[in-house]
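The chain is numbered in sequence order, starting from 1.
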Amino acid sequence: MTADPAPGGVAVDADTGPWLVAGLGNPGPGYAGTRHNVGHLVVDLLADRIGAPWRRHRTGRADTAEGRVGTPGAGAAPRLVLMKGRGYMNESGGPVAAVADYLSVDVDRIIVIHDELDLDFNILRVKQAGGDNGHNGLRSLRRSLGSGNFARVRVGIGRPPGRQNPADYVLSAWSSAQRSDLDLLVGRAADAVEDLTLRGLVLTQNEYNS
């Protein structure tokens with residue numbers, strides 16, 4: 001059964017194919033606790049929520065977890081394919097494009113979760129399309145997908161203190177103050193992803209961008 005069109009976005013419909021949800025970050029335990037890997041934290045939480053194990057994708061370029069989001073029996077239950085690329089942040093586009101091509105997912109059904117220097121820590125913003133704003137992962141995605149028309153869940157990490165180099169800042173661990181609120185921030189970002197697939201763009205922006 002097809003749900004009504006979601007305001008400002010694609011119809012929320014469990015039968016139109018999956019949503020590809022890419023959490024950006026760098027591979028390996030050495031990067032796991034860094035600000036640049038907040039996208040990985042969000043898709044890990046989503047995988048836990050839908051009870052989906054991580055497996056290496058057939059393309060060999062990503063780890064994926066698949067399941068449906070929403071209340072069973074309550075109508076549309078969109079299928080999510082969560083992914084973490086096996087390449088580094090500045091190579092994010094290749095793995096995402098490979099999985100999207102394998103699944104025949106259009107670019108407007110891709111949701112990308114990434115860290116955002118230009119938002120204060122604990123601030124979340126949802127948008128559709130746009131540039132890369134100097135973010136290496138987004139730049140790679142736009143190049144590999146041939147479009148920037150994917151949804152973004154932008155997770156604020158704040159600017160570096162003093163004269164710290166931004167590249168060093170994003171690759172460093174969360175401060176103790178940030179760690180105390182990190183679970184809440186990651187949970188809200190996961191909620192935003194679910195709402196994008198269940199409620200559409202405009203309602204999700206009204207909820208999280210205000």
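- Side-chain contact between V112 and V153: absent, with no pair of heavy atoms (C-beta onward) separated by less than 4.5 Å.
- Using a 4.5 Å heavy-atom cutoff, the side chains of P18 and L80 are not in contact.
- Taken from OH in Y208 to CG in L196, the straight-line distance is 8.5 Å, to the nearest 0.5 Å.
- Interatomic distance, I113 CD1 to H40 NE2, rounded to the nearest 0.5 Å: 10.0 Å.
- Put simply, W174 and V155 are part of the same group of oily side chains (I, L, V, M, F, W, Y) that touch within less than 4.5 Å, one to the next.
- Here the straight-line distance linking atom OG of S147 with atom CD1 of I110 works out to 8.5 Å at 0.5 Å rounding.
- Residues N136 and Y88 bring no donor and acceptor atom of their side chains to less than 3.5 Å of each other.
- Residues N26 and L171 have side chains in contact (heavy-atom distance under 4.5 Å, counting atoms from C-beta outward).
- Counting heavy atoms from C-beta on, the side chains of L138 and N133 never come closer than 4.5 Å.
- Within the 4.5 Å cutoff, the side chain of F150 has no heavy atoms near those of the I111 side chain.
- Closest heavy-atom contact between A98 and T59: O-CG2, 3.8 Å.
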Exercise. Show your working on side-chain contact (heavy atoms from CB on, under 4.5 Å) between L182 and L41 and close with a plain yes or no.
Key: CA-CA 10 Å; L182 183 58; L41 297 180; 4.0 Å; yes

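- Grouping the Ile, Leu, Val, Met, Phe, Trp and Tyr side chains by contacts below 4.5 angstrom, directly or via other members, places Y102 apart from W19.
- For the pair R109 (side chain) and G17 (backbone), a donor-acceptor distance under 3.5 Å is present.
- A side-chain donor-acceptor contact under 3.5 Å links T204 to the backbone of D195.
- In this structure, CG in L145 is found 10.5 Å from OG in S92, a value given to the nearest 0.5 Å.
- No continuous path of hydrophobic side-chain contacts links Y169 to L24 [ILVMFWY only; heavy atoms under 4.5 Å].
- Taking all atoms of both residues into account, the shortest heavy-atom contact from G87 to P95 is N-CG, 4.5 Å.
- No hydrogens or angles considered: nothing links the side chains of Q128 and R152 as a donor-acceptor pair under 3.5 Å.
- Between L45 and A190, the shortest heavy-atom contact is CD2-CB, 3.8 Å.
- Between R86 and D63, at least one side-chain N (NZ, or NE/NH1/NH2) sits under 4.0 Å from a carboxylate O, which counts as a salt bridge.
- Taking the salt bridge (Lys or Arg N to Asp or Glu O under 4.0 Å) definition, one finds that D118 meets it with R159, sequence neighbours left out.
- Atom CG in L124 sits 13.0 Å away from atom CG in D120 (nearest 0.5 Å).
- Under the 4.5 Å side-chain criterion, counting only non-hydrogen atoms from C-beta, E116 is not in contact with I157.
- D106 contributes no side-chain N or O that, together with a main-chain N or O of D108, makes up a donor-acceptor pair within less than 3.5 Å.
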Self-check item: Intermediate values then yes/no, side-chain contact (heavy atoms from CB on, under 4.5 Å), L46 and I50
Solution: CA-CA 6 Å; L46 286 165; I50 64 179; 5.8 Å; no

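- In this structure, the side chain of S180 engages the main chain of A177 through a donor-acceptor pair within 3.5 Å.
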Quiz prompt | Derivation and outcome, side-chain contact (heavy atoms from CB on, under 4.5 Å), residues D44 and K84 | solution = CA-CA 9 Å; D44 281 338; K84 296 183 285 189; 2.8 Å; yes

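- Interatomic distance, L103 CG to M83 CE, rounded to the nearest 0.5 Å: 9.5 Å.
- With hydrogens and angles disregarded, a donor-acceptor distance shorter than 3.5 Å links the side chain of S140 to the backbone of G93.
- Using a 4.5 Å cut-off on side-chain heavy atoms (C-beta onward), K127 and L201 make no contact.
- For H36, the ring pair (Phe, Tyr, Trp, His ring centres under 6.0 Å) partners at least two apart in sequence or on another chain are H135.
- Taking a cutoff of 4.0 Å between a charged side-chain nitrogen and a carboxylate oxygen, R79 and E66 qualify as a salt bridge.
- Side-chain contact between P78 and L198 is present, with heavy atoms from C-beta onward closer than 4.5 Å.
- Remark: the S172 side chain and the R35 side chain contain an N/O donor-acceptor pair separated by less than 3.5 Å.
- Under the 4.0 Å criterion applied to side-chain N and carboxylate O atoms, R143 and D132 are not assigned as salt-bridge partners.
- One hydrophobic cluster holds both V38 and V43 under the rule that ILVMFWY side chains link at heavy-atom gaps under 4.5 Å.
- Closest of all the heavy-atom pairs between V96 and A22 is CG2-CB, 3.9 Å.
- A donor-acceptor pair is defined here as one N or O able to donate and one able to accept, closer than 3.5 Å; no such pair exists between the side chain of Q205 and the backbone of V202.
- With hydrogens and angles disregarded, a donor-acceptor distance shorter than 3.5 Å links the side chain of R68 to the backbone of A77.
- Note on L185 and V21: same hydrophobic cluster, where clusters join Ile, Leu, Val, Met, Phe, Trp and Tyr whose side-chain heavy atoms are under 4.5 Å apart, directly or indirectly.
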